[in-house]
A.B. asks: 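Just dropping this structure here.
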Number of protein chains: 2
Amino acid sequence: MGSTMPPPAQVRRLRRRLAELEREVAFSLSDQTSCCGVTAAQCHLLLEIEERGQSSLGELAAALELDPSTLSRTVDALVAAGLVSRAVEAGNRRRQAIGLSPTGLERVECINDTCDAYYSRLLDSMPEEKREAALDALSILAEAMRLFRKGGGNSCCENPQRRPS
Amino acid sequence: MGSTMPPPAQVRRLRRRLAELEREVAFSLSDQTSCCGVTAAQCHLLLEIEERGQSSLGELAAALELDPSTLSRTVDALVAAGLVSRAVEAGNRRRQAIGLSPTGLERVECINDTCDAYYSRLLDSMPEEKREAALDALSILAEAMRLFRKGGGNSCCENPQRRPS
DNA sequence: GACAACACTTGTGGTTTGCAACTATTGTAT
DNA sequence: ATACAATAGTTGCAAACCACAAGTGTTGTC
């Protein structure tokens, strides 16, 4: 725990800025992926496959923290698009080896080029001495949030009322 | 433009950390809103109404950068839930005055309490001297991305191929 | 008074997601 | 070795979220 309570104004600023950043990230992501002919979810999956190389569906689902059913369908789409290969594993016929096809690899490179160019320009537009600080801050924030999530206890106001549905 | 090109490794780190943060923000948001009986989109809208107070649908759509049709339906849901009031404006019967109902105000306060508590704990878990730096970094990043978006020119690899659909 | 512009709604379709229930395969225990 | 449990993935269903196109009123303008 820190030594001093953060002032309310600071808390509000954090909320607001995270919300802004969230929106901007979503926008840039949809820009970058849509132009490469894949949707955002497909893009995330492609990049994850590139990084892990030949994984099973369950592993990918765990890595992306998505339901296996969701991933199954996304893989379907990418297989249909010819970007991803899917084959039953040799030693375990339950599992599937999911990997990038040659076309998929090309596409991932294309996505990487686009994203790298964008974020490179972005960093370039920032004062040089602030770049590392920004990376540092992002990493600290994400890590703290991750710990909180695992630790649970994000209880809420006692308003268990649900929408009429 | 900055004076030096950012190294590729730094670019990749930025990408990765923004992706991580994006996911964490989404998680925390769904935690905080679902427990208060509203969805994420409804929550964003409620907070926006609270901030602007009595706005028209078009103004809200512009502020949230959403299509008016999307917002119209979200307002429908919130009106049905009794959180938002909707009335034709006096001087202009095309426009609608959208505001928080008493219940909606309560709910917003509840959301604010939950979020404030969460982000307060979050800040508290960070070393005190890094807090302002983190806020600074978030704001710089969001601003840079916003400028890029407006400025356009986020061209992509020339891969105009679209999915089979 | 005709017509364009505005503000919003409705119809439609697509993406993303999760839960529950199912099939098929593998491991385990009796 | 057969019965049962655990694993891996798929499919049916439902919901949230979003945008484009087309529609309905309303207001301003010529």
Side-chain angles (χ1 to χ4, degrees), chain A residues 22-23 25-27 29-34 36-46 48 54-81 84-98 162-165, chain B residues 22-23 26-27 29-46 48 54-81 84-98 162-165:
Chain A
E22 186 193 11
R23 181 156 56 186
V25 168
F27 267 112
L29 193 106
S30 80
D31 267 8
Q32 291 152 13
T33 58
S34 75
C36 287
V38 289
T39 65
Q42 291 171 355
C43 173
H44 277 136
L45 178 52
L46 284 176
E48 193 66 36
Q54 282 281 329
S55 314
S56 76
L57 197 143
E59 286 168 357
L60 291 170
L64 295 169
E65 303 186 76
L66 291 173
D67 193 273
S69 67
T70 301
L71 225 79
S72 178
R73 282 182 250 256
T74 307
V75 169
D76 283 349
L78 289 177
V79 168
V84 154
S85 65
R86 188 199 233 158
V88 282
E89 268 187 22
N92 193 337
R93 281 216 294 264
R94 283 177 296 191
R95 312 177 89 228
Q96 301 199 340
I98 292 167
R162 45 186 70 263
R163 273 156 297 126
S165 147
Chain B
E22 187 194 11
R23 180 157 56 185
F27 268 112
L29 193 108
S30 80
D31 267 7
Q32 292 151 12
T33 57
S34 75
C35 87
C36 287
V38 290
T39 66
Q42 289 171 356
C43 173
H44 277 136
L45 178 52
L46 284 177
E48 193 67 35
Q54 282 281 331
S55 314
S56 75
L57 196 142
E59 284 167 358
L60 290 170
L64 295 170
E65 303 187 76
L66 291 173
D67 193 274
S69 67
T70 300
L71 224 79
S72 177
R73 282 182 250 257
T74 306
V75 169
D76 283 348
L78 289 176
V79 169
V84 153
S85 66
R86 189 199 232 157
V88 283
E89 266 186 24
N92 193 339
R93 282 216 294 262
R94 283 177 296 191
R95 313 177 91 229
Q96 302 199 338
I98 293 167
R162 47 185 68 260
R163 274 157 298 124
S165 148

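Residue numbers begin at 1 in each chain, while the letters A, B, ... track the order of the sequences.
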A.B. asks: Just jot down the side chain to side chain donor-acceptor pair (under 3.5 Å) partners of A:E22, sequence neighbours excluded, or say none.
C.D. replies: none
A.B. asks: If you restrict it to nitrogen or oxygen atoms, what contacts under 3.5 Å exist between nucleotides 17-24 of chain D and the protein, and what is each distance?
C.D. replies:
from   : atom 1 : to    : atom 2 : distance (Å)
D:dC17 : OP1    : B:T39 : OG1    : 3.2
D:dC17 : OP1    : B:A40 : N      : 3.1
D:dC17 : OP1    : B:A41 : N      : 3.0
D:dC17 : OP2    : B:T39 : OG1    : 2.6
D:dA19 : OP2    : B:D67 : N      : 3.0
D:dA19 : OP2    : B:T70 : OG1    : 3.1
D:dA19 : N7     : B:T70 : OG1    : 3.4
D:dA19 : N6     : B:R73 : NH2    : 3.2
D:dC20 : N4     : B:S69 : OG     : 2.8

A.B. asks: How many Å lie between CG on B:D31 and C1' on C:dG18, as a whole number?
C.D. replies: 15 Å
A.B. asks: Using atom CG of A:L78 as one end and atom P of C:dT16 as the other, report the distance to the nearest whole Å.
C.D. replies: 10 Å
A.B. asks: Tell me, please, which residues at least two apart from B:A63 pass side chain to side chain contact (heavy atoms under 4.5 Å, CB included).
C.D. replies: B:E48, B:R52
A.B. asks: Measuring from atom CG of A:D76 to atom CZ of A:R86, what distance do you get when rounded to the nearest 0.5 angstrom?
C.D. replies: 4.5 Å
A.B. asks: Respond yes when some side-chain nitrogen or oxygen of B:R86 is under 4.0 Å from OP1 or OP2 of C:dT9, and no when none is.
C.D. replies: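 Answer yes for this pair, as a side-chain N or O of B:R86 is under 4.0 Å from OP1 or OP2.
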A.B. asks: Sequence neighbours left out, what passes side chain to side chain donor-acceptor pair (under 3.5 Å) with B:R95? Give chain and number order.
C.D. replies: B:S56, B:E59, B:E89
A.B. asks: Expressed as a whole number of angstroms, how long is the span from B:R95:CZ to C:dC6:P?
C.D. replies: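 To the nearest whole Å, that distance equals 13 Å.
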A.B. asks: Scan nucleotides 23-25 of chain C against the protein and return all N/O pairs shorter than 3.5 Å with their distances rounded to 0.1 Å.
C.D. replies:
from   : atom 1 : to    : atom 2 : distance (Å)
C:dT25 : O2     : A:R94 : NH1    : 3.2

A.B. asks: Is there a side-chain contact between A:H44 and A:L29 (heavy atoms, below 4.5 Å)?
C.D. replies: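 With C-beta onward as the side chain, the pair touches.
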A.B. asks: In whole Å, I'd like the distance from the CZ atom of B:R23 to the C1' atom of C:dT17.
C.D. replies: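 Checked: the CZ to C1' distance equals 15 Å.
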A.B. asks: I need the CD-C1' distance between A:E89 and D:dG9, as an integer number of Å.
C.D. replies: 12 Å
A.B. asks: Looking at residues at least two apart in the chain, or sitting in another chain, which of them share a salt bridge (Lys or Arg N to Asp or Glu O under 4.0 Å) with A:D67?
C.D. replies: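 Testing A:D67 for salt bridge (Lys or Arg N to Asp or Glu O under 4.0 Å), a comparison that skips the adjacent residues, returns none.
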A.B. asks: Under the salt bridge (Lys or Arg N to Asp or Glu O under 4.0 Å) test, which residues partner A:R94, sequence neighbours left out?
C.D. replies: none
A.B. asks: Just the rounded figure in Å: distance from P of C:dT16 to CZ of B:F27.
C.D. replies: 16 Å
A.B. asks: Which whole-number value in Å describes the distance from B:E59 CD to C:dC8 C1'?
C.D. replies: 13 Å
A.B. asks: Would you kindly give the CG-to-C1' distance between A:D76 and C:dT15, to the nearest whole Å?
C.D. replies: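 These atoms are roughly 14 Å apart.
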A.B. asks: Sequence neighbours excluded, which residues qualify as side chain to side chain donor-acceptor pair (under 3.5 Å) partners of B:R73?
C.D. replies: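 Not a single residue meets the side chain to side chain donor-acceptor pair (under 3.5 Å) criterion with B:R73.
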A.B. asks: For A:S72, check side chain to side chain donor-acceptor pair (under 3.5 Å) against everything at least two apart and list the hits.
C.D. replies: none
